Every structure is written in structure tokens, then in C-alpha cells.
Number of protein chains: 2
Amino acid sequence: MADGQVTGQEGRRIVGAGIRARLSAGEMAPGQRLVEQELSETFGTTRSAVREALQDLAAEGLVELIPRRGARVRVISVEEAVQITECRAALEGLCARRAAASAGDADRAELRDIGEQMSRAVTEGDLDAYSALNRRLHDTIARASGQEVAENLLDRLNGQTVRFQFRLALRPGRPAQSLPQHLAIIEAVVTGDGAAAEAAARAHLDSVIAELAATPERPEPVGSEVAVP
Amino acid sequence: MADGQVTGQEGRRIVGAGIRARLSAGEMAPGQRLVEQELSETFGTTRSAVREALQDLAAEGLVELIPRRGARVRVISVEEAVQITECRAALEGLCARRAAASAGDADRAELRDIGEQMSRAVTEGDLDAYSALNRRLHDTIARASGQEVAENLLDRLNGQTVRFQFRLALRPGRPAQSLPQHLAIIEAVVTGDGAAAEAAARAHLDSVIAELAATPERPEPVGSEVAVP
DNA sequence: ATCAACCATATTGTCAACAATCTCGTCGAC
DNA sequence: GTCGACGAGATTGTTGACAATATGGTTGAT
């Protein structure tokens, strides 16, 4: 990091984006402490910028902020991940229904394209591609629905469960299970069948919930440092 | 305000609560500027505390924070209020369904009580009481559902639309229209009929949406000061 | 060996002064 | 009369030093 010192406003953005990225990449474990000075050195910003970024992340539920004790990566239990997914089911159901009614031609074309690429990715066993397409599908439907409020809520909820989504996608046989569900959502939205789209979206997320429920609660580290493997 | 200077951590809480209260009471109009120094003098805190409180409020969507231009009370359009209510419909539908399945005896008793008091309030034409019961009903169902994530989301969404709820409740004939809907929700939850509870909750909020859609978009003041009446 | 009190250090919280930027009224040219 | 440039004042943004608090290890008594 040979950047010159980054000024505050940018610093806040940079630290926020940086932590988000590392969190998604699994480079920061749940429960891990986030020390302000460390972060300010890592990202080449001031402590104030780090502080503000941590506030942002706490507001998004990615970080837990305990007064006088600092910040740590928030631990999300399987139980909470299930609840989050239940909310997603409700909201994505809404989006799918609306998208079926009001998506433009470009959106429908994109959805068809995503469906084809997904099928191919599963055939070829390309998990990374499938995972990326998965996110793109959900995003596209949310955007096509015109429900900006729901889209924002979903963004936030997704941010909290990326870790789980990731683990889930790696299970053998999971893509083969979810592919037909995704295709059913796409089909219903593209053909404009709102009720079917909502039902398909809900069914898909119910399936995710079932998988989550079968996830063992792994003992997350709670000490000041992450347990050594 | 003859308080001694309030220390930072408390200050943040006080300013946040204070602005929230004034916002709910309609003492702060949408679009109104919130000047940091003014607020710090009003609440007897430092500017830092005000700054942090404003960040909190912005994260909740109650305040709009424009870099280098300060904070103002966020203007929520009728269109956005409709979208928010659509999300509420999805989430409260979820809560109602779950509450029907998992509410405890105490919760069911409270719901019955709320129903009786609501009927009485409408008979007596006590709008304030009815409005308070309305909120209590929604809160109770959310809590009884055990869906804490949904409960939090709903809290946030409700905070943004209090102004609209308030205007709506004052319309002549509105309570008589919404009372049977509320009673239907209560009945379904109390008797444990999840599907009916979800349907009733959705129907109720669809009715709210219809009322909102019939609300004229009033020209909100956008200047540095609120327009004089 | 166990436990509690204590202290050094690491870390977060607070503040007030300073810097940067925007707003809005004033002035002048056309 | 209209438009644009300019500048004073108001407002937000940034910084670094200082204060308050928690942490973890050390010491000494039992």
C-alpha cells in the first residue's frame, strides 16, 4: 500500500468497501476484532475515517459495535440466517410478482440469458460461475420489479448471509437441486405469471431454508483472536 | 434547557431520540434543514454528538445527508410510501402467519384485548386511542411471531411512514373501514389459522395502499426554510 | 497452587480548533 | 432589467491531542 494518505471522505468509503470485500472473501472471520488503529494503517487512512466506516457497517448489521470495547465482525447464527432467509422469501416473492407484471423487454431477455448460462454452468460443473449467476438473477429480478425499497432491504439482508450462501453452494448436488427452481422463477416472470413467480421464488427460498436448517452450528471463535486451525 | 452540558455518548442518544420525537410529532417538516450547531445548542450537546446522531438517523432513512451541504428531513413521496407499504405487506404477512402458529397464550390474550379495545375506540370515535392500538397491534403480532429480523425491518419501515399513517387515520370513515380488517387478522392469529392470518394482513395493507394512492402529492418545501403557511 | 488486587498498556471516546466548501447577497457589465 | 462574477459569512469536514476505560499479566498473600 504505497498510496499517499487518503483523505477522510474517501477514506470512509475505502475502509467500508475494503472491509466488505474481505468479509465476503472470508478473510475476516465472524467474531474477529476490528481495531481502529490497525485498520487505519492497513488502509492508509485516519482513525476517524475508520470509525465512521465501522458505524456504517454496524448500521448494515455486518459489524457489532460494543461501547468502549470496539468492533467485531458480527456472528450470525444459523437461526438468524434462517430468519433472514424467511424475510428474503417474503420480499423476493413480492419482487418476483411485480417483475412478472412490469419487467421490460430488456429485463426479460436478460433473465432468459441468465437461465441459459445457469444451465450451462451446472452442466459444466462451474460452481463459481453458477454462484455469480445466482446473485445476478436475484438482483435482476429485484431491479426489474421497480420495487426500490424492497431492493434495498434485500441488498442489506444478502450482505449478512453471503457467508452462508457460499457454504451452501459448495454442497454436492445443491446446484442440481436449485437449478430447476431458478428456471421456474425465470419462466414465470418472463411469461408474466405473477402468482406463479411469487410461488416459485418462495419455494426456492424455502428450499434454501431447509438446507440452512440442516447446517450444523459451528462454534464460532469469541476470543480476542481467531482460533488457530 | 437548563441541563448541564450533556456528555457525548448520552448526547448522541438524546439528540437521536429528540429528533425522532419531533419528527413523529410533526414539529419538523420534510425538507427542513437540520443545522448541526443549532441542534447542539437545542439539546445542550457538542456538535460531535449531533453529527453521530444524524448519521444514525440517516441510516434509518429518516434524514437525508448530503455531503458538504448538511442534513435535512428526508422527503418521502407518496410513491415511496406505497412501496414501503408493499414491503410491509410482505413482511407482516410473514409475521402474521408465524404468529398464528407460534404465539403464546399471553400473546393471544393480548391480541383479543386489543381487538376489544379497538372496537370500543371506534364506537366512541376516539381516534388517538385507535391509532395507538393500531400500532400496538402490529407490534404485538411482529413480536409474537418470533421473527426478530422481520420485526426490526418493520420498525424501520414504520418509522419512515408515521407521517402518512397519521394523515390516513384522520380521514373520516377510515377507522370504520380498517376495524373489520384488524379484527380479521386478530381472529385468524388467535385461532391459529396461518394462511388466513397472512391473507388478512396482506388485505389490510393492500387497503392502506389504496388509500395512499388516493393521496395527493403535496408540494413539500425544498428551500432552506419551510414555506410560511 | 489459587485467588484477588493492582498496575502498565492497549484501545476507544471526546473535544475544540482549524480547514475547506458552500450559500447568498452585492456589485458591475451589457 | 438580466446575467454573471465576486466575496463575506455560514456551515460542514478533518485533524490531532487528550481523557476515560477496558485488558491482561504480575505480584503478593493465603
Side-chain angles (χ1 to χ4, degrees), chain A residues 3-19 28-29 31-59 62-74 221-228, chain B residues 1 3-19 28-29 31-59 62-75 221-228:
Chain A
D3 295 345
Q5 182 81 356
V6 182
T7 178
Q9 219 163 6
E10 275 296 285
R12 178 178 185 165
R13 212 184 44 72
I14 288 176
V15 175
I19 293 180
M28 282 177 165
Q32 181 175 341
R33 284 194 60 188
L34 300 173
V35 179
E36 295 178 358
Q37 177 142 10
E38 260 180 44
L39 294 171
S40 74
E41 286 164 8
T42 302
F43 293 104
T45 61
T46 59
R47 199 158 71 87
S48 310
V50 171
R51 212 145 211 287
E52 288 170 353
L54 288 176
Q55 298 282 345
D56 294 344
L57 294 166
L62 296 176
V63 153
E64 189 180 15
L65 223 48
I66 306 172
R68 292 276 177 207
R69 293 213 192 162
R72 50 185 58 202
V73 179
R74 197 158 83 84
V222 288
S224 67
E225 272 308 322
V226 179
V228 291
Chain B
M1 302 252 166
D3 295 343
Q5 182 82 355
V6 182
T7 178
Q9 216 163 10
E10 275 297 284
R12 178 179 185 163
R13 213 183 43 74
I14 289 176
V15 176
I19 294 180
M28 282 177 164
Q32 182 175 339
R33 284 194 60 186
L34 300 174
V35 179
E36 294 177 0
Q37 176 139 11
E38 259 179 45
L39 294 172
S40 74
E41 286 164 8
T42 301
F43 293 104
T45 61
T46 59
R47 202 157 71 84
S48 310
V50 171
R51 211 141 213 288
E52 288 170 352
L54 288 176
Q55 299 281 345
D56 293 344
L57 294 166
L62 295 176
V63 153
E64 188 181 16
L65 224 47
I66 307 172
R68 293 275 177 206
R69 292 209 191 166
R72 51 184 58 202
V73 179
R74 199 159 82 86
V75 178
V222 288
S224 66
E225 272 310 319
V226 179
V228 292

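So you know, we letter chains A, B, ... as the sequences are listed, proteins then strands, and number each from 1. Just so it is clear, the structure is predicted and the values come from calculations on it, not from any experiment.
Looking at residues two or more places apart in sequence or on another chain, you find a side chain to side chain contact (heavy atoms under 4.5 Å, CB included) between A/Arg51 and A/Glu36, A/Arg47, B/Glu52. In this structure, B/Arg68 has no side-chain hydrogen bond (donor to acceptor under 3.5 Å, both in side chains) partners at least two apart in sequence or on a different chain. With sequence neighbours left out, A/Gln37 forms a side-chain hydrogen bond (donor to acceptor under 3.5 Å, both in side chains) with A/Glu41. Taking the side-chain hydrogen bond (donor to acceptor under 3.5 Å, both in side chains) definition, one finds that B/Arg13 meets it with B/Glu10, sequence neighbours left out. A/Ala49 is linked by a side chain to side chain contact (heavy atoms under 4.5 Å, CB included) to A/Thr45, A/Thr46, counting only residues two or more places apart in sequence or in another chain.
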The contact string for nucleotides 7-14 of chain D, one letter per nucleotide 5' to 3', using protein heavy atoms under 4.0 Å with B, S and - for base, sugar-phosphate only and none, comes out as ----SBBS
